[in-house]
Undergrad: 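Next up is a structure, given as structure tokens.
The shown structure was predicted, so the numbers you read here are calculated from the model rather than taken from an experiment. The figures here come from the full heavy-atom set of this structure, side chains too, leaving out hydrogens, waters and symmetry mates. Both ligands and their constituent atoms are indexed starting at 1 by order of listing.
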Amino acid sequence: MSDIKSKSIDLATQEGIKKAQDENIKIVWDRLEAQEPQCGFGQLGICCTVCSMGPCRIDPFGEGAQVGVCGANADTIAARNLARKIAVGASAHSDHGRDVAHTITLTAHGHAHDYGVVDEEKLKVLAEEFGIDTGKPKEQITKELSKKLLEEFGKQEGDLTFVKRAPKKRQQIWKKLGITPRGIDREIVEMLHSTHIGVDNDYKNLINTGMRCALSDGWGGSMVATDVQDIILGSPVPVRSKVNLGVLKEGYVNIVVHGHEPILSEMAVKAAADPELVKLAKAKGAEGINLVGMCCTANEILMRHGIPVAGNFLQQELAIITGAVELMMVDVQCIMPALKEIASCYHTKLVTTSPKAKFPGVVHIEFQPEKAYEIAKEIIRFGVENFSNRNKNRVDIPKHEMDLVAGFTKEIVFQILGGRYRATYKPLNEAIISGRLRGLAGVVGCNNAKQTHDYFHTTVVKELIKKDVLVLQTGCSAIACAKQGLLVPEAAIEYAGKGLQEICDAVGIPPVLHLGSCVDNSRILVAAAQMIAEGGLGEDLSDIPAAGCAPEWMSEKAVSIGFYFMASGVYTIFGASPLATLGSKNLTDYLTGELENVVGARFDFCDDPFKMAELMIAHIDKKRQALNLKPAMY
Ligand code: BF8
């Protein structure tokens, strides 16, 4: 058990690992062990597979080869490798955004009847931003807006429309550096082109291109995804729910939705409550249908419907290992290839739904927005019919679950904090100005099997709220903290400093606010921009007493997120795995030092969550000083 405790601090996860061991099923931590020692060149970012004269590697000790066959040195190789990660991460978020934009287009033209405009207010706000006359009928606005949204992806001239949401000063910085994002697809293509053999050999220029590519994600693809999802699926409002593997229910047909794009999972939520399917479940001997989420899809349906969350990234295999999951439906991103093998050890049906993400030999029921509800019903029915195949003797669901409150958006957070000012950021700004609130922190990102699961997220967050820093979260990081009871208003009493406690008490919010899935990091960008517009906290995002971190990051999307936060002016720390740049001292020094003079923010790498919180707090205090604010009150 001591070995298990080093893998995760989460009790449900520990029990799941134990069950896997007892049943001799290999899971992510076993596979990591089998990979060790991992490739040192890869870890340092100095292995190059860009062309077939390689693979080349640079000797980090300075004795062997210092350039690849083409002449690329460590700086070029490490920067190119990093740049490719940014491009892939940005492409994942942005392609998600495109699919959502495609769905609203189909809806506007009457081809996707299961969707409609749910948040008309937001539709109009967006339409105005895109220069559409909002006096027209809703249907016409939707048609015109959806066309313009799709055009953002292939835009050949001009900047992305959402760039205007950033403070003027930030826009000027981007312009001066030539990193204002243009078409979303264009930035990703240009980034990839730059990394082809013999194109960009200047590591600083590669990072410039990388920042522009990442900005096209944060202020482009991800922002489109978030805003359009709110329009067609509804904008979240605070909602209570439960989290952790204990949300799986023994007597029920358990369906897990896992992945990222909420277009299908939204329909699955409805289909799971369809009387015909509930009746079928009862006829099969179940008490009903229990739909739960995993990873970012979980965050989406949690935010909008209060659907319970079964877990974060490192728990996906463990959900199946409970023996109680009839069906896991997946779409795109963060779905472990190992799931096929794990599911085959149980009765669980794994179902892929995206033409972009298949497994050989796994049932594929392709999702089409035109037949959304029908397809969702087909998948849920498949799960219900599988209930009779469950082996009751192998069912063991960890009893651990925790309450949480989610559903905060840039509008809701600040409406709530607005108090009598309602819907203005003034009280939030004033709380920071007065020092009752020290500042803000975005704590986001994944789990990583190399780190003790959930420990880094929860430790850094506890340290921050103790020092009166309001924490904004998304992704698997939010799920980690929710499992440890940090996402309920009562957590303020136990964990928050006096100033933050007073605010949480007054308005009834948790000290840690769940803003949604990873594309919803765009909500944090816009909220910060609106704080600048409110006044009193400087002229640029880099002036706000705020910092960001991804304590347990692993995915390329996290790299893109880190880059767009940093390029927006937010000091950002990556957790235990540095960005695989350490093989190039020049590049590492640039990212962690000189960039601050270029773009007003820089990165840090840190493998100690206490130290990470200290660095963030020191940065917040430095920003307070620069604004001539009084020191934090408590
Ligand atoms: O988009 S936090 S492990 S699930 S990449 Fe993946 Fe990381 Fe989780 Fe969501 Ni984000």
Side-chain angles (χ1 to χ4, degrees), residues 8 10 13 28 32 85-86 88-97 99-100 214 217-218 221-223 225-226 229 243 256-262 265 292-303 309-319 328-339 354 356-357 406 442-451 453-454 456-458 460-461 472-483 514-524 548-565 572 574-577 579:
S8 176
D10 172 46
T13 301
V28 60
L32 172 63
K85 285 190 173 43
I86 300 170
V88 175
S91 76
H93 283 149
S94 298
D95 213 30
H96 169 166
D99 280 350
V100 179
D217 170 0
S222 281
M223 215 168 260
T226 296
Q229 283 167 188
V243 60
V256 180
V257 294
H258 174 23
H260 281 79
E261 296 175 5
S265 53
V292 300
M294 178 67 68
C295 288
C296 279
T297 280
N299 288 327
E300 299 280 5
I301 53 180
L302 162 74
M303 296 277 285
V309 177
N312 51 7
F313 178 71
L314 285 179
Q315 292 180 289
Q316 54 188 287
E317 296 171 293
L318 303 178
M328 181 181 274
M329 57 188 272
V330 301
D331 53 20
V332 288
Q333 301 166 22
C334 305
I335 296 143
M336 286 190 192
L339 289 185
S354 166
K356 297 169 205 167
V443 182
V444 306
C446 324
N447 300 134
N448 186 327
K450 294 180 183 176
Q451 294 168 268
H453 172 232
D454 292 349
F456 292 78
H457 290 301
T458 52
V460 78
V461 166
L472 309 177
Q473 291 213 280
T474 57
C476 289
S477 185
I479 301 174
C481 291
K483 285 184 282 173
H514 189 340
L515 274 83
S517 68
C518 285
V519 292
D520 293 332
N521 282 315
S522 61
R523 297 190 199 276
I524 301 179
C549 68
E552 299 179 26
W553 78 280
M554 63 87 203
S555 91
E556 290 157 315
K557 288 183 291 170
V559 180
S560 178
I561 293 168
F563 263 83
Y564 71 63
F565 268 109
T572 301
F574 279 92
S577 310
L579 282 176

Undergrad: Which atoms of ligand 1 have any heavy atom of Phe313 under 4.0 Å away?
TA: 3 (S)
Undergrad: Is ligand 1 less than 4.0 angstrom away from at least one heavy atom of Ser517?
TA: no
Undergrad: What protein heavy atom is closest to atom 8 (Fe) of ligand 1, reported as residue, atom name and distance in Å?
TA: Cys476 SG, 2.3 Å
Undergrad: May I ask you to decide if Val519's main-chain N or O and Ser522's side chain share a donor-acceptor pair within less than 3.5 Å?
TA: yes
Undergrad: In terms of side-chain heavy atoms, does Gln229 have a donor or acceptor partner in His96 at a distance below 3.5 Å?
TA: yes
Undergrad: Does any non-hydrogen side-chain atom of Leu579 lie less than 4.5 Å from one of Trp553?
TA: yes
Undergrad: Do we see a donor-acceptor contact under 3.5 Å between the side chains of Asn299 and His514?
TA: yes
Undergrad: Can you check whether Ser555 reaches Gln333 side chain to side chain, under 4.5 Å on heavy atoms?
TA: no
Undergrad: Show which atoms of ligand 1 fall inside a sub-4.0 Å distance from at least one heavy-atom site of Ser555.
TA: 5 (S)
Undergrad: For the residue pair Ser354 and Asp331, confirm or rule out a side-chain donor-acceptor distance under 3.5 Å.
TA: no
Undergrad: Heavy atoms only: which of Ser222, Ala480, Cys296 lies closest to atom 9 (Fe) of ligand 1?
TA: Cys296
Undergrad: Quick check: Gln333 and ligand 1, any N/O pair under 3.5 Å apart?
TA: no
Undergrad: Quick one, Leu339 and Glu317 - any side-chain contact, counting heavy atoms below 4.5 Å?
TA: yes
Undergrad: So does Cys446 have any N/O/S atom less than 2.8 Å away from atom 7 (Fe) of ligand 1?
TA: yes
Undergrad: Hey, are Thr474 and Asn521 close enough side-chain-wise for a donor-acceptor pair under 3.5 Å?
TA: yes
Undergrad: May I ask you to list the atoms of ligand 1 that are less than 4.0 angstrom from any heavy atom of Cys295?
TA: 4 (S)
Undergrad: Flag Cys518 as yes if one of its N/O/S atoms falls below 2.8 Å of atom 10 (Ni) of ligand 1, otherwise no.
TA: yes
Undergrad: Could you tell me which atoms of ligand 1, counted from 1 in the order shown, lie closer than 4.0 angstrom to a heavy atom of Cys334?
TA: 3 (S), 4 (S), 5 (S), 6 (Fe)
Undergrad: Can you list the ligand 1 atoms lying under 4.0 Å from a non-hydrogen atom of Met554?
TA: 3 (S)
